[in-house]
> 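The structure under discussion is supplied below as structure tokens; questions concerning it will follow.
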Protein chains: 2
Amino acid sequence: MLTKSSTELVRQRNSVLVLSVLRRHGALAHTEISDSTGLSSATISAITTELEKAQIIEKSEQQPASGRGRPRVLLRQRRDCGYLIVVIISSDAVQYSLVDYAGKLIDRFSEERSHDPAGAARFVAAVRAGLSRILDRSKISQEKVLLISISSKGLVNSTEPVLVWSPIFGSDQIDFESALRPEWQAKVILDNETLLVAAALGAREEIVKGADFRSLAALSLGHSVGLGIVKRGNQTGQEISAPNFGHMLHMANGGLCRCGTRGCIEAYAGFYAILRSAFEVPLDTIPAKFVPVAELDKIAAKARQGHRVPAFAFRQAGLALGNGLSRMLSLTERMPIAITGPGTRYYDLLRQGIEEGLGQSHIVRMEGMPEIRVVADEQILVFEGHLNRALSVIDEDIVVSGVQGIQASG
Amino acid sequence: MLTKSSTELVRQRNSVLVLSVLRRHGALAHTEISDSTGLSSATISAITTELEKAQIIEKSEQQPASGRGRPRVLLRQRRDCGYLIVVIISSDAVQYSLVDYAGKLIDRFSEERSHDPAGAARFVAAVRAGLSRILDRSKISQEKVLLISISSKGLVNSTEPVLVWSPIFGSDQIDFESALRPEWQAKVILDNETLLVAAALGAREEIVKGADFRSLAALSLGHSVGLGIVKRGNQTGQEISAPNFGHMLHMANGGLCRCGTRGCIEAYAGFYAILRSAFEVPLDTIPAKFVPVAELDKIAAKARQGHRVPAFAFRQAGLALGNGLSRMLSLTERMPIAITGPGTRYYDLLRQGIEEGLGQSHIVRMEGMPEIRVVADEQILVFEGHLNRALSVIDEDIVVSGVQGIQASG
DNA sequence: ATTTTTTTCTCGACAGTCGAGAAATTTAGT
DNA sequence: ACTAAATTTCTCGACTGTCGAGAAAAAAAT
């Protein structure tokens, strides 16, 4: 459905554009903004004075003049314009981070998670407590928190912040919006963890390649298997999606997965699955909830020493991943694949299987093997993805609501 | 990447919007356009007088006044504003259609295709001859042909009109752009056939459901297997993609497909594959190039009479389709699936297998079975999809180039 | 003939962008 | 010390676009 455009919309869009280059490059002068947006100097003046009046950006103190001519006046976001809370849910802990509008980390702590499974309600209460705590510690008023950005492994509703399925709570859905609503009036967004990794890598790639960047997939290997895809959108930044890759069907009537279905990719490539086949336990055994990484390291060591069975377990895992990726590539365009997560330490053992699995499909035989790269520091990427995504959401919201309102009353 | 907006862009967008409602609803009066676009009457005046001057739309002769008040003046596209040639390539023929700017069919004929495989170059020559012929028959000058819209089964490059792989020519790529370029200056677009079916169904659905429409997949069953996906875009109409579904991996080291790979979905669910398993021919037999439908009808008749082996062949085909669809759903959101093509006549035999195949994956077990509907008249949908897509491309091109140029010189 | 009703057209107000040039402010040169 | 050059920011008028209100047009009803 096409919708009508108006001159006001033009201003909104261009304001968001100005904020986004400010975010990408840090404090910038009038002229620099004009250059990197393509907007004329006059327009930049109009937009920046508006944003300044609305207390969203500020003129920075002049730095020592370098070169001749009138010294530049740098513009930057006002740090105290608003705040963001990032909540990263992982299998053994929940990390809370308070970030200001300029993207600077102010406070952070982690809380251990009890592994009791009957705890969806209890977990929500713990998150509420964590949010209160980080707010208390920093003496920031609650209204200043503009956004709460949450991530988890698992399947997420694309329109509402509802965790539909997760490795920990299974089908016990968690609706974060309604869970936080009476207490918090901030907007709440929820994303799949690997999606954020993809978003972060995509943003990095776009800085390097510019308009040449087309798309990218991030594959996260760990206790569970996640996938995020990021594509370059037409107008509106990037388009991202987080398929349910770990529980895509690998083989009908195959090994039992912890989700209860048979034959998921995770039932071959998740840590517990590798352990299971390394110990030659029957594939219909109910898998372990949690596997210490040390345990897997031992198996990997044996595999590297040339033991057949553990090597075969990694190879099977690679095959499942390769087949799954080849299926994804049959449904999308050709794109590079970035592998992250704790599982990357076994990439030497997985690689052959992955490549063989990829090679079994028509699309890969035709287009050739996709580029595969291993990227460490998944945690950093997750946080970076949170910031990219959350701050651009905030920018948009602030322009749509904030500028108008303040302008009208001022 | 965000890009800057300008007031001129606003006019462009709104002009396209006006043309698109004119296309959807036929001839409309000033007031009606204003109502259905949301633009003010004054703006409609400005835009329509501009389009009229540029000879893109015209005031229709007044029809008998109904009701009192000033009689309405209907606006409609000028049929002679430009023309479109639709080329539908199927396995046994190529159909050429000449359509005017209002979407009205002016001329049409089909040409048989020789089945000689060594004919990519020869085929291109035949298409050139066909295009010349339809132009000659209708006495329209070549410059008036604004767009040539081509469709084929197979894999298509998403940015250029290049047929990357097709059931008939295999990996003999055909670049229609360069093949037609010296002779024709019209824009050339190429789409996968099932993609156009999805586009047509999506457009129909959007008319019924309006903003509630989210996405839809079309599955085409025949000698080969095709899939098209249509999603509702943010601003810019609909987003469509045509994955390489027929050659997605169904089962590693499975039956030999005519693409040369083993285990493709088509190697189980294509007509030739059903024939192969119904006759219990080994799965690594090089499959027949072409299977008469009558042959398959016989097998279906036997299956319906309760014979085990032919029934099993259809069931296997259904399983491959179901597993493939479940994999697609693991990578996208939940969406209804429309099944088209000559294979729908065997849907009674395929259905159980499809549902079982779908049910083997986590996502379907969680979200429930997707809605499946059988839609006949694939040929009509393909043509409808061509028109939807081609005419909106023309509208955009005309507004971007046409209006500006004529305004400047007039 | 006049009034009512409906549609189309036109005008002035307002929002936005742009180019050009004025104003500001510093460095370099004499 | 003064002037010229350089560079950045700011301002003004022109242009494009949308909108609301009301005038103008045109037919039916009274």
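Per chain, numbering begins at 1; letters A, B, ... match sequence-line order.
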> What integer distance in Å separates R11(A):CZ from dG17(D):C1'?
14 Å
> Nearest nucleotide by nearest heavy atom, which residue falls closer to the 5' end of DNA chain D, K4(A) or S45(A)?
S45(A)
> Could you give the CZ-to-P distance, from R13(B) to dT18(D), as a whole number of Å?
12 Å
> Looking at E333(B) and K231(B), is there a salt bridge between them, counting it only when a charged N and a carboxylate O are closer than 4.0 Å?
no
> Within the structure, does a side-chain N or O atom of T43(B) lie under 4.0 Å from either OP1 or OP2 of dC19(D)?
yes
> Would you kindly give the NE2-to-P distance between H30(B) and dC19(D), to the nearest whole Å?
12 Å
> Is any side-chain heavy atom of R389(B) closer than 4.5 Å to one of I240(B)?
yes
> What is the distance, rounded to the nearest whole Å, between atom CD1 of I44(A) and atom C1' of dT9(D)?
12 Å
> To the nearest Å, how far apart are E32(A) CD and dT8(D) P?
8 Å
> Closer to the 5' end of DNA chain D via nearest nucleotide, is it S6(A) or S41(B)?
S6(A)
> Do you know which two heavy atoms are closest between H386(B) and S149(B), and how far apart they sit?
ND1-OG, 2.7 Å
> Answer yes or no: are there more than 12 heavy-atom neighbours, outside R78(A) itself, under 6.0 Å from its atom CZ?
yes
> Would you say R70(A) reaches dT9(D)'s phosphate, i.e. side-chain N/O to OP1/OP2 under 4.0 Å?
no
> If you pin R68(A) and L39(A) to their nearest nucleotides in DNA chain C, which one's is more 5'?
L39(A)
> CD of Q12(B) versus P of dT18(D): gap in Å, rounded?
11 Å
> Looking across every strand, which nucleic acid part, if any, lies under 4.0 Å from A46(B) by heavy atom: base, sugar-phosphate, or nothing?
nothing
> Rounded to the nearest Å, what distance is computed from the CG atom of residue D35(A) to the P atom of nucleotide dT9(D)?
10 Å
> Using a distance-only criterion (donor-acceptor N/O pair, under 3.5 Å, no hydrogens), is the base of dC15(D) paired with the side chain of T7(B)?
no
> With the side chain of E8(B) defined as its heavy atoms from C-beta on, choose the nearest nucleotide among dC10(D), dT16(D), dT9(D).
dT16(D)
> How close or far is atom C1' of dT8(C) from atom CD1 of I33(B), stated in whole angstroms?
12 Å
> For T31(A) and S34(A), test the side chains for any donor-to-acceptor distance below 3.5 angstrom and give the result as yes or no.
no
> Determine: side-chain N/O of N14(B) to OP1/OP2 of dG17(D), distance under 4.0 Å, yes or no.
no
